[in-house]
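Below is one structure, written out as structure tokens; the observations come after it.
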Amino acid sequence: MLFVIFIGFNLYAMEWQLGFWHEENAKCILSISAAIVGILVVFVMHTLSRFAAKK
């Protein structure tokens, strides 16, 4: 849930008039990327824990 809040806040804070890949938006892009990687890691660890519980 925390990663989704980070993504939403950074999408709100991004300066869309400058363009997505502008230097000013680099910190937002980096933070959004980190949140997406965090969601993927949580999903993978949850899946692996379910496989370990079945054994």
Side-chain angles (χ1 to χ4, degrees):
M1 184 70 183
L2 187 62
F3 293 125
V4 175
I5 293 171
F6 286 157
I7 291 172
F9 177 74
N10 284 309
L11 286 174
Y12 177 75
M14 192 174 287
E15 297 181 28
W16 293 102
Q17 295 82 13
L18 296 176
F20 186 74
W21 294 110
H22 194 270
E23 185 178 337
E24 292 291 322
N25 290 332
K27 61 184 176 216
C28 294
I29 294 170
L30 181 64
S31 183
I32 290 170
S33 301
I36 290 171
V37 169
I39 289 171
L40 291 174
V41 167
V42 168
F43 176 73
V44 167
M45 292 192 63
H46 177 67
T47 303
L48 290 176
S49 71
R50 288 193 306 179
F51 287 148
K54 288 183 180 180
K55 286 185 178 182

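The structure presented is a predicted model; accordingly, all values stated were derived computationally and were not measured. Quick note: numbers below take in every heavy atom, side chains included, and nothing from hydrogens, waters or symmetry partners.
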Sequence neighbours excluded - side-chain hydrogen bond (donor to acceptor under 3.5 Å, both in side chains) pairs with any residue from residues 19-42
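The answer is Asn10-Ser31.
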Does any pair with a residue in residues 35-47 pass side-chain hydrogen bond (donor to acceptor under 3.5 Å, both in side chains), and if so which ones, sequence neighbours excluded?
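Sorted pair list comes back empty.
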Those residues that, when tested against Phe20, pass side chain to side chain contact (heavy atoms under 4.5 Å, CB included) (two or more places apart):
Met14, Trp16, Ile29
Partners passing side chain to side chain contact (heavy atoms under 4.5 Å, CB included) against Leu48 (at least two apart in sequence or in another chain):
Val44, Phe51
Going hydrophobic residue to hydrophobic residue with side-chain gaps under 4.5 angstrom, can you get from Leu2 over to Ile32?
yes
Indicate if Ile39 and Leu30 have the same hydrophobic cluster label, given that clusters are the connected sets of ILVMFWY residues with side-chain heavy-atom separations under 4.5 angstrom.
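Per the 4.5 Å side-chain linkage, Ile39 and Leu30 are not co-clustered.
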Measuring from atom CD1 of Ile36 to atom CZ of Phe6, what distance do you get when rounded to the nearest 0.5 angstrom?
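Nearest 0.5 Å value for the CD1-CZ distance: 13.5 Å.
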About how many Å separate CZ of Phe3 and CD1 of Ile5, when rounded to the nearest 0.5 Å?
11.0 Å
Who else is in the cluster with Val37 when I, L, V, M, F, W and Y are joined by side-chain contacts under 4.5 Å?
Val41, Met45
